Colleague: 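First the structure, then my questions, so here it is.
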Amino acid sequence: MKAMFESSRTYGLFTAYFDEELYRYAASYYDTHVFGRSTHIVSVVGVTKALEDVEISQSNRPLYQDAKHFLEQDFCKINEDNDAEIVRKFKDYFTARIIVRLDKEMNEDNLKIISFSDDRAKLSKPSWWQDRGICYALDSYVGNLEIVAKANAVGKAQVRISSTFDYWIDYTKLTVNEKVIFDTLTTARHDKPYVYDMDVKAGEEIKIQVEWLPHKGND
């Protein structure tokens with residue numbers, strides 16, 4: 001539920017209709033209250049879903065006329081400024097999430113993200129992972145991403161590729177430190193990620209290259 005609340009879809013649609021302060025209040029309430037803390041974020045997610053359904057019902061035409069062409073060719077070429085409506089409606093379906101973890105005590109100096117190729121990608125530190133080591137997540141919808149991370153401690157690093165919501169992503173290639181992990185269609189989603197483990201040395205850089213397409217199956 002927290003992931004749905006924090007998604008760009010929920011934030012963008014809710015704040016388009018209501019004051020952003022309401023959204024921030026819900027987030028603050030969740031972080032500072034132990035008992036019943038999810039009440040406010042559930043309300044925001046529910047209102048957002050209702051708004052989305054209303055918008056869809058009022059639409060007289062598909063937002064994207066040629067779905068096949070969109071899935072196979074155009075999705076990674078869309079511009080967030082010029083095609084904001086397409087991005088807002090479809091982002092959940094083609095946003096990849098790449099998580100980089102290091103199984104070490106929670107010390108931000110143990111793992112650093114040095115660079116990533118998509119300047120629109122969202123970089124975050126998921127709170128639900130931090131008790132198991134330092135962890136970063138990058139969300140991107142451009143179809144390919146290169147990430148360079150640096151481990152500053154000896155340990156076991158992990159690369160997890162998935163989605164940001166309950167939608168499959170068709171990953172087509174994963175390369176780690178120039179080693180091809182797979183180059184055939186591999187599907188994943190947030191609760192069924194593809195996981196790659198590796199041992200790292202202190203000072204070692206980890207170069208991750210990943211490519212993907214929107215899922216074209218029926219599930």
Side-chain angles (χ1 to χ4, degrees), residues 1-8 11 27-28 30-32 34 37 76 80 91-92 94-213:
M1 182 60 67
K2 187 70 163 22
M4 293 171 62
F5 173 81
E6 292 178 340
S7 70
S8 56
Y11 173 79
S28 176
Y30 182 90
D31 291 334
T32 56
V34 175
R37 63 180 187 170
C76 60
E80 191 160 14
K91 183 179 284 188
D92 284 337
F94 51 77
T95 296
R97 170 165 289 174
I98 297 90
I99 290 178
V100 186
R101 296 180 55 231
L102 182 63
D103 286 327
K104 270 301 192 185
E105 63 273 11
M106 187 178 163
N107 183 337
E108 292 189 12
D109 291 332
N110 285 337
L111 181 67
K112 294 288 187 181
I113 300 296
I114 298 175
S115 65
F116 46 95
S117 57
D118 176 17
D119 59 7
R120 293 170 293 183
K122 176 186 175 184
L123 176 65
S124 63
K125 293 193 299 181
S127 59
W128 58 87
W129 280 109
Q130 302 307 323
D131 61 340
R132 285 172 274 180
I134 189 66
C135 169
Y136 292 93
L138 285 105
D139 298 345
S140 172
Y141 62 81
V142 299
N144 59 82
L145 186 65
E146 179 177 294
I147 306 166
V148 179
K150 184 176 182 180
N152 292 315
V154 175
K156 185 172 288 293
Q158 185 179 87
V159 178
R160 301 170 66 92
I161 58 174
S162 59
S163 65
T164 59
F165 201 56
D166 292 322
Y167 304 113
W168 293 98
I169 297 292
D170 286 348
Y171 286 94
T172 55
K173 189 173 185 179
L174 173 64
T175 302
V176 179
N177 290 342
E178 308 301 333
K179 176 184 177 181
V180 176
I181 309 305
F182 65 77
D183 57 5
T184 56
L185 186 65
T186 301
T187 58
R189 70 181 188 191
H190 80 105
D191 58 342
K192 294 184 178 180
Y194 180 93
V195 179
Y196 176 74
D197 293 309
M198 61 184 293
D199 295 318
V200 293
K201 302 175 182 177
E204 182 177 352
E205 290 191 358
I206 308 167
K207 183 179 179 182
I208 304 159
Q209 297 166 296
V210 60
E211 299 175 8
W212 68 93
L213 291 167

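Because the structure is predicted, anything quoted here is derived from the model rather than measured.
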Colleague: To check you understand the geometry: which heavy-atom pair defines the closest contact between Ala157 and Ile206, and what is its length?
Modeller: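 Of all heavy-atom pairs spanning Ala157 and Ile206, the closest is CB-CD1, 4.0 Å.
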Colleague: Any non-hydrogen side-chain atom of Glu204 less than 4.5 Å from a side-chain atom of Met198?
Modeller: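 In short, these two side chains touch, coming nearer than 4.5 Å.
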Colleague: Got a salt bridge between Asp139 and Arg97, using NZ or NE/NH1/NH2 to carboxylate O under 4.0 Å?
Modeller: yes
Colleague: Taking the side chain as C-beta and beyond, is there a heavy-atom pair between Val148 and Lys150 under 4.5 Å?
Modeller: no
Colleague: Looking only at heavy atoms, which two atoms of Ser124 and Pro126 are closest? And how far apart?
Modeller: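 Closest approach of Ser124 to Pro126, heavy atoms only: O-CD, 3.6 Å.
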Colleague: Using modelled atom types only, decide if a donor and an acceptor are shared between the side chain of Ser162 and the backbone of Pro193 within a distance under 3.5 Å.
Modeller: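 Side chain of Ser162 to backbone of Pro193: no pair is present.
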Colleague: Distance from Glu146 atom CD to Lys207 atom NZ, nearest 0.5 Å?
Modeller: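 One finds 4.5 Å between CD of Glu146 and NZ of Lys207.
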Colleague: Closest heavy-atom contact between Tyr171 and Val210?
Modeller: CD2-CG2, 3.5 Å
Colleague: Which value, rounded to the nearest 0.5 Å, describes the distance between Thr172 atom OG1 and Asp183 atom CG?
Modeller: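 Atom-to-atom, Thr172:OG1 and Asp183:CG are 9.0 Å apart.
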Colleague: Under the ring-ring contact (aromatic ring centres under 6.0 Å, His included) rule, what pairs show up with a residue in residues 189-208, not counting sequence neighbours?
Modeller: Phe182-Tyr194
Colleague: Could you tell me whether the side chain of Asp199 and the main chain of Lys156 form a donor-acceptor pair under 3.5 Å?
Modeller: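 Flag not set: sc Asp199 to bb Lys156 has no pair under 3.5 Å.
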Colleague: Please round to the nearest 0.5 Å and tell me the distance separating atom CD1 of Ile147 and atom CD1 of Ile208.
Modeller: 5.0 Å
Colleague: Do you know which two heavy atoms are closest between Val100 and Leu111, and how far apart they sit?
Modeller: O-CD2, 3.7 Å
Colleague: Rounded to the nearest 0.5 Å, what's the gap from CG on Leu102 to CD1 on Ile134? Could you check?
Modeller: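 Going from CG on Leu102 over to CD1 on Ile134, the span is 8.5 Å.
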Colleague: Any donor and acceptor pair, going by atom type alone, linking the side chain of Thr186 with main-chain N or O of Thr184 inside 3.5 Å?
Modeller: yes
Colleague: Out of curiosity, Ile161 CD1 to Ile98 CD1, how far, rounded to the nearest 0.5 Å?
Modeller: 7.5 Å
Colleague: Does anything in residues 147-167 form a ring-ring contact (aromatic ring centres under 6.0 Å, His included)? List the pairs, not counting sequence neighbours.
Modeller: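 Qualifying pairs, neighbours excluded: Tyr93-Tyr167, Phe165-Tyr167.
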Colleague: If I compare all heavy atoms of Ala153 with all of Asn110, which pair ends up nearest, and what's the gap?
Modeller: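 It is CB-OD1, 3.6 Å.
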Colleague: Minimum heavy-atom separation for Ile99 to Ala137, with atom names?
Modeller: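 Scanning both residues, the minimum pair turns out to be CG1-CB, 3.8 Å.
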Colleague: Give, for atom CH2 of Trp212 and atom OG1 of Thr187, the distance between the pair rounded to the nearest 0.5 Å.
Modeller: 15.5 Å
Colleague: Is it true that a side-chain atom of Asp118 and a backbone atom of Arg120 form a donor plus acceptor pair closer than 3.5 Å?
Modeller: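 Side chain of Asp118 to backbone of Arg120: a pair is present.
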Colleague: Just checking, is any N or O donor in the side chain of Gln158 or Asp197 under 3.5 Å from an acceptor N or O on the other one?
Modeller: yes
